[in-house]
There are 2 protein chains.
Amino acid sequence: MDTPTIRDVAKKAGVGIGTVSRVLNNSPKVAEKTRQIVQDAINELGFRPNSLARQLPRKTRLRNIGVITQPFIAYQAFAERMRGIQLALYELESQCEMVLYNVRSLEHFDEQLSIILQTATVEGLIVIDLDLSDEQITLLRTSNMPFVGINHFRQRDWPCIGADNVEGGRIAARYLIELGHRQIGYVGDTFKDDFGFQTSAERLKGFREVLDQAHLPLPPEYVRLGVHDYAVAKTLASELLTLPNPPTAIFAMCDLQAFACLDAAREAGLRIPDDLSVIGFDDLEMSHHVGLTTVRQHFERSGQMALRHLLALMHDDPPPPTPQLPALEVVERHTTRRLAD
Amino acid sequence: MDTPTIRDVAKKAGVGIGTVSRVLNNSPKVAEKTRQIVQDAINELGFRPNSLARQLPRKTRLRNIGVITQPFIAYQAFAERMRGIQLALYELESQCEMVLYNVRSLEHFDEQLSIILQTATVEGLIVIDLDLSDEQITLLRTSNMPFVGINHFRQRDWPCIGADNVEGGRIAARYLIELGHRQIGYVGDTFKDDFGFQTSAERLKGFREVLDQAHLPLPPEYVRLGVHDYAVAKTLASELLTLPNPPTAIFAMCDLQAFACLDAAREAGLRIPDDLSVIGFDDLEMSHHVGLTTVRQHFERSGQMALRHLLALMHDDPPPPTPQLPALEVVERHTTRRLAD
DNA sequence: TATTCTGATGGAAGCGATTCCATTGTCTGC
DNA sequence: GCAGACAATGGAATCGCTTCCATCAGAATA
């Protein structure tokens, strides 16, 4: 037989559907005896109310907001953003639930996105660490689906919350220069990862910009790019350190890669920070423990702000201005030091 | 005005509701001209179809499964489990979406759980790192809500996927004893954390059991418990190492605490593994990089298995047996060594 | 011109609940 | 013994869509 409905339960229990509904909703206006009979019928049939049908007639409905992201590679960033989103969800007491999607590739992203738009389970979308093509944006717009991104800073006409990566690169460069470093290397991801994602390129851009302004050279061999991976980063750092004229400082595009740099330095017999300064980007939990100097970005905060902004988009007619994250800042710890002149 | 419905659109466009529906669903049987008119009306009204109403009449419906968990403190564990769940979701091509809840406290858990059961958006529940009270279990059962847990191994009559923590403690103890250690300390969480969660107690139990069997002492001062925190763990480890008769090896209940032990040892001027062996539990990404010897558990796998089992519960009438995770194993790296006799 | 076919369209019937109103029976108090 | 109040109940109307069937205009065929 098909899955039982409330009518089946009513028939089985010999009562009206209204009574069954009342039992389901713990209404006090049901006689204890009747309640028991209905409950028995429910159990016997293994009846479970249909959530859709249940919400539909209610005046106040649950809404869903969707979060779509890469496969959770950057654990802490993922977790903290999620936490931020949930926090804001509770804080605003929005009657919203959060649906999580993830994509394995850009094709899969495309596919998922059309499914999401087609089924429309979700009334708003937060896109994390994924770049939207123009077609996808058009699609979202024609579907009247509000959306906000986390971690993009391309000059696009859609709202994105996230660290300004270019500025982050500038900050790291300024900091190292201020410490007296003149020969600074860069370790980061190849420019376009599988998700069309350009963090590395952006951070390098700001970094290079400041070096240029200070008339400091950034020879090609000082820029080492590779797949996002600890072992790869370690190799890149080793290459950097065995150069005939090695840098005195390294800017790693993220803390994980910075750890790899420290690792490589250790293996090369270099003392940190005496022989080499290393600055990362992110400020992970481990960075605190390891004592890594790094550029702090606010993951949890970005999740929170993204959700708030999305809700605003969903409610307000004139779309509010995209909020800005607090400025990036260097957290100085023990892997960098001032160079004696 | 209220949010527009398909009828408003039909009226505005001067067509029937059937036609509007066809446009919404990209049906080919709509004249291009009509489609345009309808699309304009949709845009003008800012119409967005109601997802509930949309699903309801469909023969094949999306189902939701819920995941409820603590506030994502253990980043990697959280992320990998999520990934496992999503993986299984796609792999099984179940028409399911995943709704994520998180709780801040046990009271909040109770509250959330009743909301979930009351609204029933979700047709199955995965409970991560949270202990269910008997009342909660009864509630879930009477609601006919299938559920499975991740990371519990209490002898309860509900399905839980997760490392056998007691066995994990045994394995660590056996390993260190086999290496010739006779004085082994333990660093872990206080027994009952805010979520009624007893991982530490369980791991210690297995650990103590094996030590007892080997007639090795485990003096009270060798067992150091504290809140789950790096700094706290570091202090605990320091205390352990400054004992008049310090242990030659430490079993830390998780890798993060193991890192703290390494840190403390370094500060105490001890060489690893020459002066002290440290074994952790989890096998985090960083453990690999740091070279930490640890007991490996399979986070992603547990997510996958939990989802599969949940789906089985939702479909099959005779509930299948709870699946078992692959056995725990020690991953030997560079923080432990054999003691010379 | 009469007939058939086809593609486009309108709208009633349902999806499975909630809700409200009408109805029935019980119990007061006079 | 009866009106009025009240608690428990049944079921129609409703939520906002999809879907299917009937209808119709025009093109194609005879």
Side-chain angles (χ1 to χ4, degrees), chain A residues 1-39 41-42 45-64 117-123 143-144, chain B residues 1-39 41-42 45-64 117-123 143-144:
Chain A
M1 192 181 96
D2 273 346
T3 53
T5 78
I6 200 174
R7 246 163 271 272
D8 300 321
V9 175
K11 195 184 297 175
K12 174 136 209 155
V15 300
I17 56 168
T19 302
V20 178
S21 178
R22 267 168 235 126
V23 171
L24 289 178
N25 293 287
N26 294 320
S27 159
K29 357 171 58 180
V30 180
E32 190 45 49
K33 218 169 88 183
T34 319
R35 157 164 285 128
Q36 202 43 252
I37 296 174
V38 173
Q39 196 55 257
I42 288 176
L45 291 173
F47 167 79
R48 306 207 324 106
N50 180 304
S51 51
L52 295 172
R54 206 153 188 205
Q55 299 283 335
L56 193 49
R58 288 215 174 106
K59 55 288 142 209
T60 165
R61 296 204 194 111
L62 278 183
R63 315 159 78 85
N64 286 326
L117 290 176
Q118 206 32 240
T119 60
T121 353
V122 126
E123 308 190 12
S143 309
N144 280 315
Chain B
M1 193 182 96
D2 272 346
T3 54
T5 77
I6 200 175
R7 244 164 273 270
D8 300 321
V9 176
K11 196 183 295 174
K12 174 136 210 155
V15 300
I17 56 168
T19 302
V20 178
S21 178
R22 268 168 234 126
V23 171
L24 289 178
N25 293 287
N26 292 321
S27 159
K29 355 171 60 182
V30 181
E32 190 45 48
K33 219 170 85 182
T34 317
R35 156 164 287 127
Q36 202 41 253
I37 296 176
V38 173
Q39 196 55 256
I42 288 177
L45 291 172
F47 167 79
R48 306 207 324 108
N50 178 305
S51 51
L52 295 171
R54 205 151 189 208
Q55 298 283 332
L56 194 49
R58 288 218 174 102
K59 55 287 139 208
T60 165
R61 295 203 194 112
L62 278 183
R63 315 158 78 86
N64 286 326
L117 290 177
Q118 206 32 241
T119 61
T121 354
V122 124
E123 308 191 10
S143 310
N144 281 313

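Computed from heavy atoms alone, side chains included, the values below leave out hydrogens, waters and symmetry copies. All chains are named by letter (A, B, ...) in the order of the sequence lines, taking the proteins before the strands, and each is independently numbered beginning at 1.
The two atoms that bring B:A13 and B:I37 nearest to each other are O-CG2, 3.7 Å, heavy atoms only. Listed here is the closest heavy atom pair of A:L24 and B:Q118: O-OE1, 3.8 Å. Nearest heavy atoms, A:I6 versus A:F47: N-CE1, 3.6 Å. Scanning all heavy atoms of the two residues, the minimum distance from A:Q55 to A:L62 falls at OE1-N, 3.4 Å. Across all non-hydrogen atoms, the minimal contact from B:V23 to B:Q39 is CG1-NE2, 4.1 Å. The minimum heavy-atom distance between A:L56 and B:L56, with the atom names listed, is CD2-CD2, 3.5 Å.
Chain A approaches DNA chain C within less than 4.0 angstrom (heavy atoms of the protein), and the contacting nucleotides run 5' to 3' from C:dG16 to C:dC20.
In this structure, the CD1 atom of A:I37 is 12 Å from the C1' atom of D:dT9, given to the nearest Å. In this structure, B:L56 atom CG and D:dG16 atom P are separated by 12 Å, rounded to whole Å. Here the P atom of nucleotide D:dT9 and the NZ atom of A:K33 are 10 Å apart, to the nearest Å. Atom P of nucleotide D:dG16 and atom CZ of A:R54 are separated by 19 Å, given to the nearest angstrom. Going from atom CD1 of B:I42 over to atom C1' of D:dC17 covers 13 Å, rounded to whole Å. A straight line from CG of A:N25 to C1' of D:dT9 spans 16 Å, rounded to a whole angstrom. For the pair A:R7 CZ and D:dA13 P, the computed distance is 13 Å after rounding to whole Å. Atom CZ in B:R48 sits about 15 Å away from atom P in D:dG16, given to the nearest Å.
Phosphate contact (OP1/OP2 of D:dT9, side-chain N/O of A:T34, threshold under 4.0 Å): present. For D:dC15, neither phosphate oxygen OP1 nor OP2 lies less than 4.0 angstrom from any side-chain nitrogen or oxygen of B:N50. Here A:R58 does not reach the OP1 or OP2 of D:dC15: none of its side-chain N or O atoms lies under 4.0 Å away. Dashed line: the shortest gap from a side-chain N or O of A:T19 to OP1 or OP2 of D:dT9 is not under 4.0 Å.
When each of B:P57 and B:R35 is assigned the nucleotide of DNA chain C with its nearest heavy atom, B:R35 is the one assigned upstream, toward the 5' end.
Comparing atom distances between the A:V15 side chain and each of D:dG10, D:dC17, D:dT18 picks out D:dG10 as nearest.
In this structure, the side chain of B:N25 does not engage the main chain of B:S27 through any donor-acceptor pair within 3.5 Å. Distance alone, capped at 3.5 Å, places no donor-acceptor pair between the B:N144 side chain and the A:R48 backbone.
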Which pairs, protein N/O on one side and nucleotides 20-25 of chain D N/O on the other, fall under 3.5 Å?
{"residue": "D:dC20", "atom": "N4", "partner": "B:R22", "partner atom": "NH2", "Å": "3.2"}

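Counting only residues at least two apart or in different chains, salt bridge (charged side-chain N to carboxylate O under 4.0 Å, His left out) contacts with residues 19-30 of chain A are absent.
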